[in-house]
There are 2 protein chains.
Amino acid sequence: MLSKKSKYALRALLALARRPSEGPVLISELAEQEGIPKKFLELILLELKNNGILQSKKGKGGGYFLGRKPDAISLGEVIRVLDGPLAPLPCVSQTAYHACEECGDEATCGIRAVMKDVRDATSTILDRESLADVLRRTERLQQEKKKVLVYAI
Amino acid sequence: MLSKKSKYALRALLALARRPSEGPVLISELAEQEGIPKKFLELILLELKNNGILQSKKGKGGGYFLGRKPDAISLGEVIRVLDGPLAPLPCVSQTAYHACEECGDEATCGIRAVMKDVRDATSTILDRESLADVLRRTERLQQEKKKVLVYAI
DNA sequence: CATTACTCTACTAATAGAATAGGGAATATA
DNA sequence: TATATTCCCTATTCTATTAGTAGAGTAATG
């Protein structure tokens with residue numbers, strides 16, 4: 001399960017991605033807009049900044065802004081920063097590999113083989129989908145919903 | 001990440017699946033063979049039994065045995081019993097759905113759409129792969145390893 | 001009826017998740 | 001250069017979950 005940290009991070013990043021380079025945005029503004037505890041969001045944004053996903057500016061007129069374009073920030077990257085590896089087992093993680101204790105032989109472990117498939121499927125999706133993709137999906141879903149409403153009249 | 005509970009459960013179940021209907025197997029035997037704390041394994045096997053994956057027999061000559069054939073027990077089912085839903089968000093779980101708090105509109109949530117893809121990909125794999133499949137995979141991997149060794153001579 | 005072996009509830013320790021608190025450091029601007 | 005603004009950083013708290021332990025209870029067998 002995704003932690004609240006990751007969920008909050010994604011919501012905040014999407015909120016930033018939705019504003020076309022309006023300049024730095026205040027933590028408090030994002031927190032209020034997205035209904036996230038301000039101090040908690042502070043930690044999250046800081047961690048995103050320390051990992052190059054966000055940039056910041058201090059003092060008056062300061063705030064946070066995206067470190068890259070929305071189509072160059074993948075959900076996988078964000079989730080890895082806040083929740084750690086996507087893999088269901090450490091022995092199939094590409095970004096944080098370490099051997100399972102007590103695993104007789106990794107090369108012939110059937111569980112590992114299946115979990116590697118799971119990892120690959122997950123990261124294929126999450127590393128492909130960017131903030132921009134998610135925004136596009138949201139728009140498309142909103143338009144579909146509108147259509148359904150029109151038909152319903 | 002998979003919990004130790006799930007990992008232990010899978011190992012114990014695979015150990016049972018490897019024995020062709022040898023009759024009930026003692027908890028203590030499984031625990032020793034797989035290097036799992038006995039009392040902890042006790043809880044796990046009990047839970048698997050209460051969910052129809054295992055059956056048991058009490059008293060002398062008793063023990064645990066599979067409730068169904070190894071090809072009718074999927075990894076997904078086992079993991080759901082011990083770790084809960086596979087879905088990364090409750091709002092995309094098929095087996096344990098509940099709405100995310102504070103989610104404005106589920107129907108148009110882009111994050112949800114991506115996470116639904118992740119859930120589908122994960123459960124497609126884990127609900128398809130059975131204990132029997134995992135054993136077959138292990139065998140295949142062992143044979144490949146042998147081949148490599150032969151070539152290396 | 002005694003032994004074997006699962007059943008069940010309760011308890012504990014350690015870790016991770018979800019915050020909260022508060023001072024410090026940098027920046028803009030008056 | 002003083003001051004308000006805003007991010008930066010460390011520490012602490014509270015709660016839930018994970019991992020494991022303990023021990024009495026129940027059912028089956030011989």
Kindly indicate whether the side chain of A:Q143, heavy atoms from C-beta on, has any atom under 4.5 Å from the side chain of A:K147. no
Exercise answer: donor-acceptor pairs, residues 126-138 of chain B side-chain atoms, under 3.5 Å, sequence neighbours excluded:
from	atom 1	to	atom 2	distance (Å)
B:D127	OD1	B:R80	NH1	3.0
B:D127	OD2	B:R80	NH2	3.0
B:E129	OE1	B:R137	NE	3.4
B:E129	OE2	B:R137	NH2	3.2
B:S130	OG	B:A132	N	3.3
B:S130	OG	B:D133	N	3.1
B:S130	OG	B:D133	OD2	3.1
B:D133	OD1	B:R136	NH2	2.7
B:D133	OD2	B:S130	N	2.9
B:R137	NH1	A:D117	OD2	3.3
B:R137	NH2	A:D117	OD2	2.8
B:T138	OG1	A:G110	N	3.3
B:T138	OG1	B:V134	O	3.0

Applying ring-ring contact (aromatic ring centres under 6.0 Å, His included), which residue pairs with at least one partner in residues 128-153 of chain A are found, sequence neighbours left out? none
Which pairs pass side-chain hydrogen bond (donor to acceptor under 3.5 Å, both in side chains) with one or both residues in residues 47-76 of chain B, sequence neighbours excluded? B:R68-B:E77
Would you mind reading off the distance between B:L54 atom CG and C:dA5 atom C1', rounded to a whole angstrom? 15 Å
For A:L66 against A:A17, the heavy-atom pair lying closest together: CD1-CA, 3.8 Å
What pairs of residues pass the ring-ring contact (aromatic ring centres under 6.0 Å, His included) test when at least one of them lies in residues 11-51 of chain A, not counting sequence neighbours? A:Y8-A:F40
A:P90: side-chain contact (heavy atoms from CB on, under 4.5 Å) partners, not counting sequence neighbours: A:H98, A:C100, B:M1
Which angle, rounded to 10°, do you find between the first-five-pair axis and the last-five-pair axis of the helix from C:dC1-D:dG30 to C:dA16-D:dT15? 10°
Counting side-chain heavy atoms from CB outward, which of C:dA19, C:dC8, C:dC6 is closest to B:Y64? C:dC6
May I have the distance from B:L45 (atom CG) to C:dT7 (atom P), rounded to whole angstrom? 9 Å
Protein-nucleotide distance (A:K38, atom NZ; C:dG22, atom P), rounded to Å: 13 Å
Under 4.0 Å from any atom of DNA chain C, heavy atoms only: list the residues of residues 91-100 of chain A that qualify, in numerical order. none
Close side-chain approach of B:Q142 to A:D105, heavy-atom, < 4.5 Å: no
For B:E32 and C:dA5, what is the distance between atoms CD and C1' respectively, to the nearest whole Å? 16 Å
Side-chain donor/acceptor contact of B:K39 with base of D:dG23 under 3.5 Å: yes
Using a cut-off of strictly less than 4.0 Å, decide whether A:Y8 has a side-chain nitrogen or oxygen near OP1 or OP2 of C:dA19. yes
Contact state string [nucleotides 11-17 of chain D, B base, S sugar-phosphate only, - no protein heavy atom under 4.0 Å]: -------
Nucleotide C:dT7, atom C1' - distance to CD1 of B:I44 in whole Å: 15 Å
For DNA chain C, the residues among residues 77-88 of chain B that have a non-hydrogen atom under 4.0 Å from it: none
Using heavy-atom distances to pick each residue's nearest nucleotide on DNA chain D, tell me which of A:K49 and B:K5 is more 5'. A:K49
So which nucleotide from C:dA19, D:dA19, D:dT21 ends up closest to the side chain of B:S3? D:dA19
Going 5' to 3' through nucleotides 25-30 of chain C, assign each nucleotide B (protein heavy atom under 4.0 Å from a base atom), S (under 4.0 Å only from sugar-phosphate atoms) or - (no protein heavy atom that close). -SBS--
Exercise: identify the closest heavy-atom pair between B:L141 and A:C109: CD1-O, 3.9 Å
Does the side chain of B:S56 get closer than 4.0 angstrom to OP1 or OP2 of C:dT7 through an N or O atom? yes
Distance, rounded to the nearest Å, where B:K4 contributes NZ and C:dA16 contributes C1': 15 Å
Partners passing side-chain hydrogen bond (donor to acceptor under 3.5 Å, both in side chains) against B:S6 (at least two apart in sequence or in another chain): B:D83
With a cut-off of 3.5 Å and sequence neighbours excluded, list every side-chain donor-acceptor pair involving residues 30-38 of chain A.
from	atom 1	to	atom 2	distance (Å)
A:Q33	OE1	A:R19	NH2	2.8

Could you report the tightest heavy-atom contact between A:I27 and A:E42, atom names first, then the distance? CD1-CG, 3.3 Å
Measure the spacing between CG of A:L10 and CG of A:L75 and express it to the nearest 0.5 Å. 5.5 Å
What integer distance in Å separates A:L48:CG from D:dC9:P? 14 Å
What is the distance from atom CG of A:L48 to atom CG of A:L54, rounded to the nearest 0.5 Å? 5.0 Å
A:F65 with A:L46, same ILVMFWY side-chain cluster at under 4.5 Å: no
Please examine the side chains of A:L89 and B:K7, heavy atoms only from C-beta on, and report whether any two atoms are closer than 4.5 Å. yes
B:M1 has an atom CE; how far is it from atom P of D:dA19, in whole Å? 12 Å
What pair of heavy atoms forms the shortest contact from B:R119 to B:P88, and how long is it? CB-CD, 4.1 Å
A:E42 (side chain) and D:dC8 (base): donor-acceptor pair under 3.5 Å: yes
